[in-house]
Amino acid sequence: MFTQQIEEQISYLTGDSSILFQLPEQKVLSPFSRKTCEFLQELSECVRRENAVLAMADVAAFAFWCRKSHLDKMALSYKSMAQNRLGRGVTFHIVPSNVPVLFAFSLSAALLSGNSVVIRLPEKSTLQSELICRCINLVCEKLEFWKRRIVILRYGHQEEITKIISKLCDARIIWGGSHTIQEIRKIPLPPSALELTFGDRKSAAVLGAQAVLETKEMNPFLYDFYNDTYLFDQNACSSPRIIYWIGDKEQVRFARYKFWSSFSSYVEQHYKIDAVTAIKKWEQAYYLSAIYKDMKIIHENNYIIRVESGGLFPEMLEHTVPGGFFIEAQGETIEGLLPVLNRGCQTIAAYGVNREMLKRVLLERKTFGPDRIVEVGQTLAFSLVWDGVDFIYALSRELSLL
Amino acid sequence: MLLFDFDFSESPYQEDKAVKDIKFTEKLMLLTSFHQKNCLYYGEMLKAVQYKKESISHYSELPFLPVGLLKRLTLSSLPEGALYKVASSSGTSGTNKSRIILDGETRIMQQKALTAIGGDFLGKKRVPMLVIDRPQTIEYENGFSARTAGITGFSIFGKNRTFALKENMMPDYEKIQDFLYRYGKESFFVFGFTFLVWNFFEKLSEMKEYYFDFSNGMIVHGGGWKRLADKAVSRTDFQKKLKEIAGITQIHDYYGMAEQTGSIFMECEYGHLHCSDFSGIMIRKPEDFSVAKTGEKGIIQTMSLLPGSYPGHNLLTEDEGVILGEDDCPCQRKGVYFQVLGRLKQAEIRGCSDVYTAD
């Protein structure tokens, strides 16, 4: 149990300390068990109702993700594996502050694998997390089975608390920057427990010049690209930072002009630029020009700063900054993009490029990154396979018969 | 490398807008071309923005570098084998420090410009000087910090230089009393970094049984308000408290940075910071870096004609400021006068990268 002193540092959004400490006694479930799907469906409906007025887009996306038909579809794809598997037990999740609904996806993935859940939320409360936690509590009142399986709490930087909870868990899931992960990794886990870490990654986009030139109605494309980038200040792991154009030089020149001139006015209408971000973008553009040579800085104003490079080099993804900063390169094949497809690369967003073919090339070339290829507009979509890890497999264990 | 001859014997606040526009444009363009040719990194940067000097008609159109670059790149325009010293920024935020390459000529120019600028406020006659710092700050030549440079530079205006703090940064009360007893009846000069000056007078005020009479003293302080802003001490609080505690009425702030040689912007008796004939200020808007109007807040850009050994003549700071006017300050000094509003604050960035540690 926690001492009185520690207890005072914690605020519980769901559950309490007595529930927390009995979590290891809770039975595990099979992946996609009927009970779990029922709980998430209820949660989906409750969140949808509660969000009706505020209509927060990220909250709506979560409710949509765990709606019945999508759960059924996911369950189907895990159908045969689920027969031989069970959850691991207690999962302990640590999530960052700036993607407010991430915790709900992390929770759902752990529940669907058959586990109980402890989530540490960041200290700063958000409308999104308040709403979803309220719904979890409402559903738990209705489906009492779940009351003793979910604990959501907040506490400051008390390593002591993380230490105690870590002792209880069978799996620890850390979302956050490299520093956070390193710090939390120092805290021991029980010998049989495993750890999943989802650290800092960066992403690129591949745009087909011909497809862009052939696009008659640009707005849906611009809307999608904006959501991939500026919606989260181009600071989500999956936000494209390097833009690689496929096509011959002439084609690419026209396509780039068409794309950036229309995107530029779209961004100006929707984004608010702050001074420090603008200064940092310029600093980075000059820095790159100095160290790589033969770069070209392109800008109309400070909303979009692009650095055009003759080629891409391995550490270039690391040399980008958030808030509307792009390194651009061009080639007739995907070959020119390969140098940046290393461990730090998470997602490729593609437009006007055959994703199947792209996947085949990357498998054949055996690059260290990316872990996913999505259509432009889908970079933020959550999936049970994340950073190359299948949650359902990772958070359950197989009972094998030999 | 000395590009220009300056006349340091006259007041450095003489050029009005019409004269400055022409002279400053011509000289800053020369500096830009000079560094473009001699500093490899700078040359690449100007190439990247396709700088063409033919298209420049006013100095406001010249390229400027974000000051943070000087923390990440060592920029030098000196020929190989030339002698130089490295100055570094104070770096209070604990991040990397700038490395500023200064050759002998640039250092001499810096000192001469400071003499001309400071002399305009402090007079030509040297008066006794009390430094609000410990003697070790200039003895331990730990490189060449902004504090060291400030004390050494301003020492030309003083004699009988006395350090008011002990090695442990606590006031040396006996020494201070002795200083005031000897020199306090006539004018004297007090110099120090803003937060040290504030801490110092706070400490003095705790000594209830003594009164320290600084009424004949003139204080020059600089180094920024960040630490005082953290303690919620405003400019007005600062002035009020110093008057209350020690009877000081003549207080001059100055704005400047280690990264730009020659940019020392002194505060006049009307509370305005002034550009000298060697330096310039512009305020830029965040959306597109276009020039803001007088009275409009924005990002401070500083320019100086002195940096000959490195391309630091045209820098974009991370400070917020506002131009108050030009050529018409009641103190009679010509040139642009302005106010610094403090460090620009980074808006909260969304997204998942390394945010947990910051919360």
Side-chain angles (χ1 to χ4, degrees), chain A residues 94-99 102 122-124 157 174-181 183 198-202 231-239 268 272-297 299-303 307-308 322-323, chain B residues 39-51 63-76 96 283-290 292 297-301 311 314-321 341-359:
Chain A
I94 295 170
V95 295
S97 59
N98 288 1
V99 185
L102 182 65
E123 280 181 278
K124 215 186 81 201
H157 280 273
I174 315 169
W175 301 84
S178 323
H179 178 75
T180 307
I181 292 175
E183 286 306 306
F198 300 96
D200 250 352
R201 312 282 298 277
K202 292 187 170 64
L231 190 64
F232 278 95
D233 293 318
Q234 200 191 17
N235 198 40
C237 295
S238 55
S239 301
E268 280 166 49
K272 195 173 174 317
I273 186 102
D274 90 299
V276 176
T277 303
I279 296 168
K280 291 292 168 207
K281 279 155 63 172
W282 269 98
E283 181 185 316
Q284 195 61 24
Y286 275 129
Y287 179 75
L288 283 172
S289 329
I291 60 170
Y292 287 113
K293 318 217 172 335
D294 297 320
M295 307 289 261
K296 204 166 144 192
I297 301 173
H299 67 103
E300 256 176 65
N301 46 45
N302 289 338
Y303 287 90
V307 179
E308 193 186 322
Chain B
C39 174
L40 194 66
Y41 283 155
Y42 187 67
E44 287 295 335
M45 295 182 209
L46 292 201
K47 200 161 93 191
V49 289
Q50 294 138 296
Y51 170 70
F64 43 87
L65 301 186
V67 70
L69 275 171
L70 297 167
K71 292 191 167 77
R72 303 170 66 188
L73 296 168
T74 302
L75 301 175
S76 169
N96 299 335
I283 303 295
R284 302 265 171 192
K285 296 187 205 174
E287 314 84 80
D288 54 4
F289 289 164
S290 61
K297 282 194 264 183
I299 309 161
I300 300 178
Q301 175 193 358
N314 201 344
L315 298 176
L316 189 70
T317 72
E318 288 174 25
D319 295 323
E320 186 177 37
L341 300 166
R343 230 27 201 334
L344 286 163
K345 277 177 214 58
Q346 166 94 60
E348 194 185 341
I349 292 253
R350 289 162 285 192
C352 47
S353 294
D354 254 326
V355 285
Y356 176 87
T357 45
D359 79 34

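Within every chain, numbering begins at 1; the chains are lettered A, B, ... in the order of the sequence lines, protein sequences first and strands thereafter.
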Work out which heavy atom in A:Ile297 is nearest to a heavy atom in B:Val49; give both atom names and the distance. CD1-CG1, 3.8 Å
Measure the spacing between CD1 of A:Ile291 and OH of B:Tyr41 and express it to the nearest 0.5 Å. 7.5 Å
Interchain contact, B:Ile299 with chain A, by part (heavy-atom threshold 4.5 Å): side chain
Quick check: does any side chain N or O of B:Asp288 sit under 3.5 Å from a backbone N or O of A:Asn302, one acting as donor and the other as acceptor? no
Can you tell me if NZ on A:Lys296 sees more than 12 non-hydrogen neighbours from other groups inside 6.0 Å? no
Segment of B:Gln50 engaging chain A (4.5 angstrom heavy-atom cut-off): side chain
Out of curiosity, A:Glu268 CD to B:Glu287 CD, how far, rounded to the nearest 0.5 Å? 10.0 Å
Under a 4.5 Å heavy-atom cut-off, does chain B meet the side chain of A:Lys272, its backbone, both or neither? neither
Measure across A:Tyr286 and B:Pro63 and return the closest heavy-atom pair with its distance rounded to 0.1 Å. OH-CB, 4.0 Å
Start with the C-alpha gap between B:Glu318 and A:Lys280, add the side-chain angles, then the distance that decides, and say whether side chain to side chain contact (heavy atoms under 4.5 Å, CB included) holds. CA-CA 10 Å; B:Glu318 288 174 25; A:Lys280 291 292 168 207; 3.0 Å; yes
Proximity breakdown for B:Leu344 and chain A, heavy-atom pairs closer than 4.5 Å: both
Salt bridge between B:Lys345 and A:Asp274, side-chain N to carboxylate O under 4.0 Å? no
Working to the nearest 0.5 Å, report the span between OH of A:Tyr287 and CG of B:Leu73. 6.0 Å
Which pair of heavy atoms, one from A:Ala275 and one from B:Pro286, lies closest together, and at what distance? CA-CB, 3.7 Å
So which heavy atom on A:Ile279 is nearest to which on B:Thr317, and how close? CD1-O, 3.6 Å
Any side-chain heavy atom of A:Glu283 sitting closer than 4.5 Å to one from B:Lys71? no
Evaluate the side chain to side chain contact (heavy atoms under 4.5 Å, CB included) criterion for residues B:Met45 and A:Met295: first the C-alpha distance (whole Å), next the side-chain angles of each, then the deciding distance (0.1 Å), finally the verdict. CA-CA 8 Å; B:Met45 295 182 209; A:Met295 307 289 261; over 6 Å; no
Taking A:Asp294's backbone N and O only, do any of them form a donor-acceptor pair with B:Glu44's side chain (distance below 3.5 Å, no angle check)? yes
